[in-house]
Each structure stands twice: as C-alpha cells, then as structure tokens.
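To start, the structure under review is shown below, and the notes come after it.
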Amino acid sequence: MKIGVIGTGAVGRTLAGRCAELGHEVTVGTRDPAATLQRSETDAMGNPPFAEWLAVHPAVTLGSFAEAAVHGEIVINATGGSGAIAALTLAGSDNLAGKVLIDVSNPLDFSGGFPPSLFVKDTDSLGEQIQRALPDSRVVKTLNTMTAALMADPAQLAGGDHSTFVSGNDDEAKGTVAALLRSMGHRDVIDLGDIGTARGTEMLMPIWLRLMGALGTPLFNVKIVR
Ligand SMILES: NC(=O)c1ccc[n+]([C@@H]2O[C@H](COP(=O)([O-])OP(=O)(O)OC[C@H]3O[C@@H](n4cnc5c(N)ncnc54)[C@H](OP(=O)(O)O)[C@@H]3O)[C@@H](O)[C@H]2O)c1
C-alpha cells in the first residue's frame, strides 16, 4: 500500500520506517524538503538530522507535505499539535479528500514549560478540529497514547499485550486502520466510537506525562483489563 507520512519528527520517522519494513511504499512530507535535508544538527527532541535517518531507510522518499498527501492511499498526520492544521492545510484538502487520515498528534501547549498543558480539551479535541478542517477526509485518531517506539513496534513491551484506541466517524476507515495496526503487532485495538471520543485519548496526556516522570521512561502503555 502507498502511505504518506506528514511529519519528520520521531513519530514520522518511526512509523515511516516500520511501514516500509512491512513492504509499504512510503513518502514522508516536510515543509521544505531541501531545508530538511540540509539540517545538520539534532532537533529540539535530540533526534539526529533527518538526512542521517533517511540514509539508513533508502526505501523511503522525502517530499513536501502535499507530495506525501498525493502519494498516500493512507496518510498519517505526525506533526506537532499546534502546527497540525497548518501542516494539513499545506498538504491540501483536495489531496486528502476521501482518504483515511490517521491522526497521531496531541494538542500539547509548551508555552508554559514542562509538563505541557492541552490547548483543546473537554468539549472539543484536536482530532475533531482536524476532521472539521478536512470534512472530506476520513480521520482516525489512534496511537497518540503511547511513545513512538511502541506505536511502530508494540511487541517490544509485554509481547504487545497492551491497548491501542481508535476514534473516527467512518467504520470502514477504522477497519483499515485496525488492520494496519494489527500488522504492526497491536493485539488489543479498541474502537471507542466517533471522532468525539478522541477527547478521551487526548486527555490521557496529562497522566501519561506524569507516568513518564514517575517511571523514568516513555516505554509503557495502558492495558485495559476486562
Ligand atoms: N514523540 C512521541 O513519542 C509521541 C507520542 C505520542 C504522540 N505524539 C504526537 O505526535 C506528533 C509528532 O510528534 P514528533 O515528536 O514526531 O514531532 P514534532 O516535533 O511534534 O513535530 C514535527 C513535525 O511537525 C511539523 N510542524 C511543526 N510545526 C509546524 C507548523 N507550524 N506548520 C507546519 N508543520 C509544522 C514539522 O515540519 P517540518 O518537517 O517542516 O519541520 C515536523 O514535520 C505530535 O503531535 C506529538 O504530540 C508524539
């Protein structure tokens, strides 16, 4: 399958690499491909320059946000939450129309320092904002409740025996996403309902961030026991 990944951070790279490993044709999108390839310093999160990552993932191609959107039969939004709507606007609503748009972003506001707060919550969510901005796309919120390494390879923790949520208005789109998730090793995919249920998973962030502090690692996840 052709997969477009909008975003060059840890999440975009990790999901792009995993999708390529599974045999998908992957294009990663960035605002300015030439500038992204020229970066020689680690980013704010300590990730090595994108060109270094790309050199060891030769099957993945880099393009603009719009080129990644055109390429993908499924498109993954892996941009910083505060820039997500701007990035998807650059990707182009026409290029994303009718497509499954996997949204892994979180509405984190770092303006007050760490831990960040949420810039939308309770009565709305970033997933809903994205669905409203792109009414012709089929937005499925998922994977935002775990660290990038677990998104791509959940089996590295408890053999993958932990939970992954999906939220979205389109059942067929959620089925497509669940199949992709299972192919990555997600064993317990829970359909929460429509995109409004993304309020719940985005609002897990405050406890997720405190757990990371208490445990001293981002390598953990929730398991829903029932
Ligand atoms: N890191 C994790 O483990 C993790 C876990 C769960 C959820 N998430 C969520 O996943 C998303 C991606 O996280 P990340 O750590 O991989 O990367 P990030 O640093 O949050 O985002 C990097 C990407 O966002 C784009 N971007 C940032 N501001 C923009 C703006 N104003 N307009 C257009 N594009 C903009 C960048 O574009 P350029 O390529 O042009 O620089 C880059 O591709 C975030 O929403 C994060 O909250 C992350």
Side-chain angles (χ1 to χ4, degrees), residues 4-18 26-51 53-54 60-69 75-92 101-111 114-121 125-127 129-130 133 139-154 156-157 162 164-167 181 186 198 201-209 211-212 215 217-222:
V5 178
I6 312 281
T8 55
V11 175
R13 295 178 197 196
T14 308
L15 288 176
R18 180 69 164 140
V26 182
T27 294
V28 173
T30 186
R31 278 170 284 195
D32 181 341
T36 296
L37 288 175
Q38 276 165 14
R39 286 178 201 153
S40 56
E41 68 290 347
T42 55
D43 68 16
M45 302 302 290
N47 299 305
F50 189 82
W53 179 87
L54 196 59
V60 175
T61 56
L62 181 70
S64 65
F65 285 152
E67 285 167 335
V75 179
I76 300 173
N77 171 41
T79 59
S82 60
I85 303 267
L88 292 168
T89 301
L90 287 169
L101 177 60
I102 297 176
D103 174 36
V104 308
S105 65
N106 276 313
L108 301 181
D109 176 358
F110 290 91
S111 63
F114 197 88
S117 57
L118 301 178
F119 64 75
V120 56
K121 59 178 190 266
S125 64
L126 183 54
Q129 291 182 347
I130 290 171
V139 178
V140 179
K141 185 102 202 180
T142 189
L143 295 176
N144 60 308
T145 53
M146 65 194 79
T147 196
L150 288 181
M151 294 181 189
D153 183 15
Q156 66 185 283
L157 188 67
H162 41 90
T164 307
F165 306 107
V166 292
S167 302
L181 292 171
H186 293 269
T201 56
E202 292 177 7
M203 287 195 290
L204 281 176
M205 278 309 99
I207 179 66
W208 189 94
L209 289 157
L211 280 166
M212 183 175 69
L215 300 173
T217 175
L219 275 179
F220 61 89
N221 194 15
V222 294

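One-based numbering, in listed order, for ligands and for the atoms of each. Since the structure is predicted, the reported quantities are computational estimates derived from the model, not experimental observations.
- Residue Met146 has no N or O atom closer than 3.5 Å to an N or O atom of ligand 1.
- Atoms of ligand 1 lying under 4.0 Å from at least one heavy atom of Gly81, given by number and element, are 45 (O).
- Near Met151, the atoms of ligand 1 lying under 4.0 angstrom from a non-hydrogen atom of the residue are 5 (C), 6 (C), 7 (C).
- Regarding atom 9 (C) of ligand 1, its nearest protein heavy-atom neighbour is Val104 O, 3.4 Å.
- Each of the following atoms of ligand 1 lies closer than 4.0 Å to a heavy atom of Thr147: 3 (O).
- The distance from the CG atom of Leu181 to the OG1 atom of Thr142 is 4.5 Å, given to the nearest 0.5 Å.
- Side-chain atoms of Thr147 do not come within 3.5 Å of backbone N or O of Leu150 as any donor-acceptor pair.
- Within the 3.5 Å criterion, the main-chain N or O of Asn106 finds no donor-acceptor partner in the side chain of Asn144.
- Thr30 OG1, 3.3 Å is the protein heavy atom nearest to atom 38 (P) of ligand 1.
- Checked by atom type and distance alone, the side chain of Glu202 never pairs as donor or acceptor with a backbone atom of Pro107 at under 3.5 Å.
- In this structure, Thr145 OG1 and Leu204 CG are separated by 6.5 Å, a value rounded to the nearest 0.5 Å.
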Exercise for review: Using the side-chain contact (heavy atoms from CB on, under 4.5 Å) rule, take Leu54 and Leu37 through it: C-alpha gap first, then chi angles, then the decisive distance, then the call.
Suggested key: CA-CA 9 Å; Leu54 196 59; Leu37 288 175; 3.8 Å; yes
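- Among protein heavy atoms, the minimum distance from atom 4 (C) of ligand 1 is reached at Val11 CG2, 3.5 Å.
- Distance check, rounded to the nearest 0.5 Å: CG of Leu143 to CZ of Phe165 gives 11.5 Å.
- In this structure, the side-chain hydrogen bond (donor to acceptor under 3.5 Å, both in side chains) partners of Thr61, at least two apart in sequence or on a different chain, are Thr27.
- The distance criterion of under 3.5 Å between nitrogen or oxygen atoms is met by Arg39 with respect to ligand 1.
- One N or O on the side chain of Asp109 and one on the backbone of Ser111 form a donor-acceptor pair closer than 3.5 Å.
- In terms of N/O distances under 3.5 Å, ligand 1 is approached by Thr79.
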List the atom pairs, donor and acceptor, that lie under 3.5 Å between side-chain atoms in residues 79-92 and the rest of the protein, sequence neighbours left out.
residue : atom : partner : partner atom : Å
Thr79   : OG1  : Asn77   : OD1          : 2.7
Thr89   : OG1  : Ile85   : O            : 2.7

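- For atom 43 (O) of ligand 1, the closest heavy atom belonging to the protein is Thr8 N, 2.8 Å.
- Note that CE of Met146 and NE2 of His162 are 7.0 Å apart. Values are rounded to the nearest 0.5 Å.
- Near Ala10, with a cut-off below 4.0 Å to any heavy atom, the atoms of ligand 1 are 16 (O).
- Taking a cut-off of under 4.0 Å to the non-hydrogen atoms of Gly9, the atoms of ligand 1 that pass are 16 (O), 17 (O).
- Residue Gly7 approaches ligand 1 through these ligand atoms, each under 4.0 Å from one of its heavy atoms: 43 (O).
- Side-chain contact between Met151 and Thr14: absent, with no pair of heavy atoms (C-beta onward) separated by less than 4.5 Å.
- Inclusion of Ala148 in the set of residues having an N or O under 3.5 Å from an N or O of ligand 1 is warranted.
- Counting atoms of ligand 1 from 1 in the listed order, those under 4.0 Å from a heavy atom of Ala87 are 33 (C), 34 (N).
- Taking only nitrogen or oxygen atoms, main chain and side chain alike, Asn106 reaches within less than 3.5 Å of ligand 1.
- Of the polar atoms of Arg31, at least one N or O is found under 3.5 Å from an N or O of ligand 1, judged by distance alone.
- Ranking the protein heavy atoms by distance from atom 12 (C) of ligand 1 puts Ala78 O, 3.4 Å first.
- Remark: side-chain polar atoms of Thr42 are not paired, donor with acceptor, to backbone N or O of Pro48 under 3.5 angstrom.
- With distances taken over non-hydrogen atoms, the option nearest atom 22 (C) of ligand 1 out of Ala149, Ala35, Gly80 is Gly80.
- When distances from atom 24 (O) of ligand 1 to the protein are checked, a heavy atom turns up under 4.0 Å.
- Residue contacts with ligand 1: Phe65 is included, with a non-hydrogen atom under 4.0 Å away.
- Which parts of ligand 1 touch Gly83 is read off a 4.0 Å heavy-atom cut-off, strictly below it: atoms 29 (C), 30 (C), 31 (N), 32 (N), 33 (C).
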